[in-house]
J.: 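Structure in structure tokens, see below.
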Amino acid sequence: MVDVTMCLLIFFMLTTEMVKSENSLIDLPLASAAKRVEKKDLGDRFVINIRDARLSGGSGATYLVQEKETTLAGLLERLQAERSARAEVNCVIRADRGLPYKYVQAVMLGCAKAGVKKITFSALPRGGEAP
Amino acid sequence: MTQRRGFSPTLFYAPNLASMVDVVMVILIFFMLGTSFSVSEGVLPSELPSQIGPGGSAQVAIVPTVQIALFEQPESPGCRIIIMDHELAENSFAALAALLVQRREAGADPNGRILIGAEPGVAYQNVVSAMDACVRSGFGNIQFSVNPDVQIDVD
């Protein structure tokens, strides 16, 4: 039984690592109308994390895909590749709430160029006023 | 007749709980820490116009039901909210939601396009708040206007 429990423990540890690698720690915006959805309902998703680099003493924004830092050009290339590989891609944007909109807009423009029509914005389902 | 001496056989089969308790405690601590990672996240879905496609970000003519523009407000995390070329008297997203509800009650099509545009420096939270106000007011068809000429300082 201890062996089985250990197997379960290792399984959960590995699974959690997978979740973490897709969703980095982002200070998501608040939106009371945000709907809680299951991951499977998002379909073939491509999660883009955009961190406000000012929070870590830098400037501009940091783009992350599966916890790996990338440039905007690199990100758009990957987006294009995803779109070529799959018929429909749902681009999930997770960005820091204080981030200037232009960094998100650049990704949206990239989605338009790649032919990705579905864009989903992650938010915390709480009060939606500006902080 | 001699009797065999020794422990009762039942004692040999008693499980050693000491190691199992350790494992259970480890699992408990793991789940306690792990819960903080799984913050319940919500989503606001949106769709780009079907006219766009590869090589796109085409300049498409859109006639929105409602047009919302967000302008930067210097030295403030908030922004100025302009709806159909009129600035809101009370610069808040609650006022925006109230105005949208009024429009809906006045007969505006809930499936009509809402076009949100924002200046590059507006905080992302404000854009999401504008979108949130639209969804709360019953308008679900939200689209964004993007400026392809915006220069950004990444890379």
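Below, chains carry the letters A, B, ... as their sequence lines are ordered, and counting in each starts from 1. Just so it is clear, the model here is predicted, and its values are computed rather than measured.
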J.: Need one label for A:I93: side chain, backbone, both or neither, based on atoms under 4.5 Å from any heavy atom in chain B.
T.: both

J.: Working to the nearest 0.5 angstrom, can you tell me the gap between B:I116 CD1 and A:Y101 OH?
T.: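 Output value for this atom pair is 8.0 Å.
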
J.: Which atoms form the tightest heavy-atom contact between A:A31 and B:V128, and what is the distance?
T.: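 Shortest heavy-atom separation between A:A31 and B:V128 comes out as CB-CG1, 3.8 Å.
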
J.: Between A:Q105 and B:S145, which heavy-atom pair has the shortest distance, and what is it?
T.: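 Looking at all heavy atoms of both residues, the shortest contact is OE1-O, 4.1 Å.
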
J.: Any link between B:F139 and B:I83 through a network of hydrophobic side chains (Ile, Leu, Val, Met, Phe, Trp, Tyr) touching at under 4.5 Å?
T.: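 B:F139 and B:I83: one cluster.
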
J.: Between A:D96 and chain B, with a heavy-atom cut-off of 4.5 Å, which part of the residue counts as in contact: side chain, backbone, both or neither?
T.: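 Only the backbone of A:D96 comes within 4.5 Å of chain B.
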
J.: Apply side-chain contact (heavy atoms from CB on, under 4.5 Å) to A:Y103 and B:Y124, showing your working.
T.: CA-CA 9 Å; A:Y103 298 108; B:Y124 176 56; over 6 Å; no

J.: With a 4.5 angstrom heavy-atom cut-off, which part of B:E119 approaches chain A: side chain, backbone, both or neither?
T.: backbone

J.: Group every Ile, Leu, Val, Met, Phe, Trp and Tyr by side-chain heavy-atom contacts under 4.5 Å, then state whether B:F93 and B:L88 land in the same group.
T.: yes

J.: Taking atom CD1 of A:I119 and atom CZ of B:F144, what is their separation to the nearest 0.5 Å?
T.: 8.0 Å

J.: With a 4.5 Å limit on heavy-atom distance, are the side chains of B:V122 and A:P100 in contact?
T.: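 They are not in side-chain contact.
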
J.: Tell me whether B:L99 shares a hydrophobic cluster with B:M84, the cluster being built from Ile, Leu, Val, Met, Phe, Trp, Tyr side chains joined at under 4.5 Å.
T.: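 In one cluster with B:L99: B:M84, yes.
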
J.: Please step through side-chain contact (heavy atoms from CB on, under 4.5 Å) for the pair A:L30 and B:Q125, ending with a clear verdict.
T.: CA-CA 7 Å; A:L30 312 175; B:Q125 171 68 65; 4.0 Å; yes

J.: Who among B:D22, B:V127, B:V26, B:L70 has the most heavy-atom pairs with chain A under 4.5 Å?
T.: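 Winner by heavy-atom pair count: B:V127.
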
